[in-house]
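The structure appears right after this line, and notes come after that.
Any value given below was found using the heavy atoms of this structure, including those in side chains, with hydrogens, waters and symmetry copies removed. Here is the naming used below: chain letters follow the sequence lines, and residue numbers restart at 1 for every chain. Source: prediction; values computed, not measured.
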Amino acid sequence: MVAMNMIQAINSALDVKLTEDPDTLVFGEDVGYFGGVFRVTEGLQKKHGLKRCFDAPISEGGIIATAIGMGAFGLRPVPEIQFADYILPAFDQLVSEAARLRYRSNGEFWAPITVRSPYGGGIFGGQTHSQSPEAIFAHITGLKTVIPSTPYDAKGLLISAIEDDDPVIFLEPKRLYNGPFDGRQGVALKTWEGDATADVPESRYTVPLGKAAVVREGSEATVLAYGTMVHVARAGIEDSGVDAELIDLRSIVPLDIDTIVESVAKTGRCVILHEASRFGGFGGELAALVQERCFWALKSPIERVAGWDTPYPHAFEWDYFPGPGRMAKALSRVMENR
Amino acid sequence: MVDQGSRQVPLELHIPEPVARPGDEASFRHINFDEGAAIRRPDPCAPEPDLREFPFGLVRVLSGKSAAWDPGLDADTLRRGLQAMVQTRLFEERMFRAHRQGKTSFFMKSTGEEAIAVAPALMLDAQDMCFPTYRMQGWLIARGYPLETMINQIYSNEKDPLKGRQLPILYSARDYGFYSLSGNVGSRFGHAVGWAMASAYRGETGIALSMIGDGTTAEGDFHEALTFAGVYRAPVILAINNNQWAISTFSGIATPEGTTFASKAIAYGIPGLRVDGNDFLAVWAATQWAAERARANKGATLIEFVTYRAAGHSTSDDPTKYRPADEASHWPLGDPVERLKAHLVELGEWSEERHAQMEAELVDHMRTAQRAAEAVGTLGKSKPPAAEMFEGVFKVPDWRVIEQRRELGV
């Protein structure tokens, strides 16, 4: 075990796969010699060679199309899209091709690609470097969407994603790259140092896709979150004084419905937290599933805490960001019918 | 800032229109068919800057203009090509009729464009992969894919190899070097580049061929694929089927008139060839040239096959509503079947009698296949088990499809 931040943990996952599997290769904008704008691929080209980790044209559609062709051939490409906000030029490739290839060819061709992309706000990135597009991928039949919240999970989930035979969107919460940010303002920033989840084995291990983690046990309410919001939720729970159970979904497709249902059946209350804007967000699907499966256990209406239905605004970042204060208030509201 | 005031002319928006619409006299005077000098056949390994005349020329072999490009095929190969083209035409005519008889929901023909599918299918190796357009049924027929299986797919019946999941003719046939088709045009163009890069990455020897329509060259996919193919010197043949029409839209809406589709190659740093697409020998020779170049690690080639879509776009449009009804008969490059047939007759290797006999045999073959497929069932009369709808979404179904399958009760 060594202490790794999330950048190092993801780098380590890529290093492990590049070392053990000659069919794995990494490419994307600035990922080669320079090592990526967030340094996630640093050193990989030097260690594994130009053909294993290389720069791509600024062409997200081209990057994903190329990766699909490579995947159909039999490789396991791990393309990077520099920011999740930039993934939209590749949307047709992901929806019409990667997600559908296995189905439409009756298994003759498939695209075992893992698309890594930093997402989310809290870095003063304005509306084009802050968005959380997970719901639009969750809606696409045939894509898996994975979002880690710790260095340990990031490495284990990424190795699972690369080894998965279906296309995976791997969204990296860039606000967590260097430390477990909980959304509290005016306090010293934490690094991953000393955090138990930063103890990351250098060797290979996996965290399975579709298995949520109960990161805090509780009896009064269930909080569903993923990515950066897991840390925000924990802070909100602490501030609220409610004994809430916190579930880190880790992947939204496949979704660990059993863990969710088991928890809400026990607590009878549910708060859903995500950074993406609320309307049509993944929280709506979660709320529907909880309602369908846990209606008679519910003691109060399901609450959604999310980004506002506006673009991600630069100067108003902390007014937009669904921080622990809003989380704590939602918990208080669900506790009103005690 | 200078005030130009009244010295400026009002700007005019240009909306291109084809030379002829219904009721007009058909004309192709806007296209350069290059009746000029013979075109040399350069070394397939020549540097791209030495090849910049080719995107504006026209490689033709059967016209006698570009003898250097004659691939020197033996009579058996020529007859094989002719047979596959004729079989393709017969197949499409009968399946088009089957659609009119309500046996399927949709169909598309490649009448007049058969050489573009058949010649590369016979010329390229078994290890190579074609990323086709939906107008390349000739590839499958040339490579001996069973007609009955094609018809089962068109009828989405119980023996449909794609389990009723795909629109008619959007085949997938990996063992025949035929990549999965989709109704979205252009989105596989870049897959061919990735496939070719993967083959090179592994140090294998297979190359890729990708086809796109003239209309679809306006999609980003086309330009993205050319960028990647050029940058990474991918062993891929990127080909344009310029059949003049994209549904009802003439090629002048996809690219400005006065230039050629092949010339787009120049800016991407790869050679461009403009080829008579109705000339079986020219199609073969150009594919062969590009394949030689790719196999020599010299990278990609863009080929524009100049042809004409004699049929409508699909069973869903009537071409007489947007172009002169007799336009096909004015097409200066003729018909690929008739031209190859005439060539074989001229060589003393074919005759009207042999042709008629072959046609009769191919009609029989088609009838037998159609009868067998119809014994299984036409659209709606037979279909794969509904449970197939839920298979193949992921490699291993997740709880959603398992629950929903149960909900449907299959």
Side-chain angles (χ1 to χ4, degrees), chain A residues 22-23 25 27 51-52 54-75 77 79 89-90 92-93 95-113 141-144 164-167 209-210 253-258 289, chain B residues 129 131 160-163 165-167 170-175 178-184 186-202 204 206 208 210 219-221 223-229 231-232 234 236 388-389 391-396 398-401 403:
Chain A
D23 283 339
L25 75 168
F27 63 102
K51 290 177 184 171
R52 307 292 306 282
F54 56 86
D55 290 328
I58 303 175
S59 172
E60 291 78 16
I63 289 169
I64 301 304
T66 301
I68 294 169
M70 289 174 165
F73 184 91
L75 304 185
D92 184 45
Q93 284 297 329
V95 175
S96 308
E97 297 296 334
R100 302 290 149 79
L101 194 52
R102 178 190 297 283
Y103 188 81
R104 74 171 191 236
S105 71
N106 191 27
E108 280 197 331
F109 298 94
W110 63 94
I113 67 171
T141 302
L143 290 181
K144 295 183 177 177
D164 197 278
D165 283 334
D166 290 308
L209 308 185
V253 178
L255 181 69
D256 185 354
I257 188 69
D258 294 341
L289 287 166
Chain B
M129 183 60 70
F131 293 73
D160 171 5
L162 302 184
K163 306 294 178 191
R165 296 177 193 153
Q166 263 292 35
L167 204 62
L170 301 183
Y171 311 102
S172 177
R174 189 167 190 144
D175 292 344
F178 193 91
Y179 189 72
S180 162
L181 265 167
S182 162
N184 302 50
S187 48
R188 273 87 51 218
F189 210 56
H191 297 193
V193 178
W195 181 283
M197 286 173 70
S199 184
Y201 171 89
R202 281 243 193 102
E204 296 187 12
S210 196
E219 289 279 11
D221 303 83
H223 302 276
E224 289 159 0
L226 280 162
T227 299
F228 279 70
V231 167
Y232 300 109
V236 62
E388 283 295 347
M389 175 167 57
E391 297 293 334
V393 178
F394 294 110
K395 187 178 184 187
V396 179
D398 76 359
W399 57 266
R400 296 173 297 167
V401 285
E403 283 188 3

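Put simply, CZ on F73(A) and CE on M129(B) are 9.0 Å apart, with the number rounded to the nearest 0.5 Å. Atoms CG and OG, from L101(A) and S180(B) in turn, are 5.0 Å apart once rounded to the nearest 0.5 Å. With rounding to the nearest 0.5 angstrom, the NZ atom of K144(A) is 13.0 Å from the CG atom of L255(A).
Put simply, of I68(A), V253(A), T66(A), T141(A), the one with the most heavy-atom pairs under 4.5 Å next to chain B is T66(A). With respect to chain A, the highest number of heavy-atom pairs below 4.5 Å among A208(B), A225(B), G190(B), S187(B) belongs to S187(B). Taking chain A as the reference chain and counting heavy-atom pairs below 4.5 Å, the highest number among Q166(B), R202(B), E388(B), M197(B) is found for R202(B). Chain B forms the most heavy-atom pairs under 4.5 Å with one residue out of E97(A), Q93(A), R52(A), and that residue is E97(A). For chain B, the option among G61(A), G74(A), A111(A) with the highest count of heavy-atom pairs below 4.5 Å is G61(A). Chosen from I63(A), I257(A), D165(A), the residue pairing most often with chain B at heavy-atom distances under 4.5 Å is I257(A).
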Checklist entry - Can V236(B) and W195(B) be said to form a side chain to side chain contact (heavy atoms under 4.5 Å, CB included), step by step? => result CA-CA 9 Å; V236(B) 62; W195(B) 181 283; over 6 Å; no
Checklist entry - Given L25(A) and M70(A), is the side chain to side chain contact (heavy atoms under 4.5 Å, CB included) satisfied, shown in steps? => result CA-CA 10 Å; L25(A) 75 168; M70(A) 289 174 165; 4.1 Å; yes
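Looking at P22(A), the atoms closer than 4.5 Å to chain B (heavy atoms on both sides) all sit in the backbone: N, CA, C or O. There is no contact between Y171(B) and chain A, counting heavy-atom distances below 4.5 Å. For E108(A), the parts sitting under 4.5 Å from any heavy atom of chain B are the backbone and the side chain alike. Of the atoms belonging to A72(A), heavy atoms from both backbone and side chain fall under 4.5 Å from chain B. Contact of I64(A) with chain B is not made at all, since no heavy-atom distance falls under 4.5 Å. Heavy-atom distances place no part of E219(B) under 4.5 Å from chain A, backbone and side chain included. For A56(A), the parts lying near chain B are the backbone and the side chain together; criterion is any non-hydrogen pair under 4.5 Å. Heavy atoms closer than 4.5 Å to chain A are found in the backbone of L181(B), but not in its side chain. Only the backbone of E391(B) comes within less than 4.5 Å of a heavy atom in chain A; its side chain stays farther off. Heavy atoms of I113(A) lying under 4.5 Å from chain B are absent altogether. Contact annotation for T227(B): only side-chain heavy atoms (C-beta onward) come within less than 4.5 Å of a heavy atom of chain A.
By the 4.5 Å heavy-atom criterion applied to side chains, L170(B) and R104(A) are not counted as neighbours. Counting only heavy atoms from C-beta outward, the side chains of P161(B) and N106(A) never approach each other to under 4.5 Å. For the pair F109(A)/H191(B), no side-chain contact is recorded, criterion being any heavy-atom separation below 4.5 Å from C-beta on.
Looking at residues two or more places apart in sequence or on another chain, you find no ring-ring contact (aromatic ring centres under 6.0 Å, His included) involving F394(B).
Using cut-offs of 30° and 60° for the angle between ring planes, the F131(B) and Y179(B) rings count as tilted.
A salt bridge is defined here as a Lys NZ or Arg NE, NH1 or NH2 lying under 4.0 Å from an Asp or Glu carboxylate O, and D164(A) with K395(B) fails to meet this definition.
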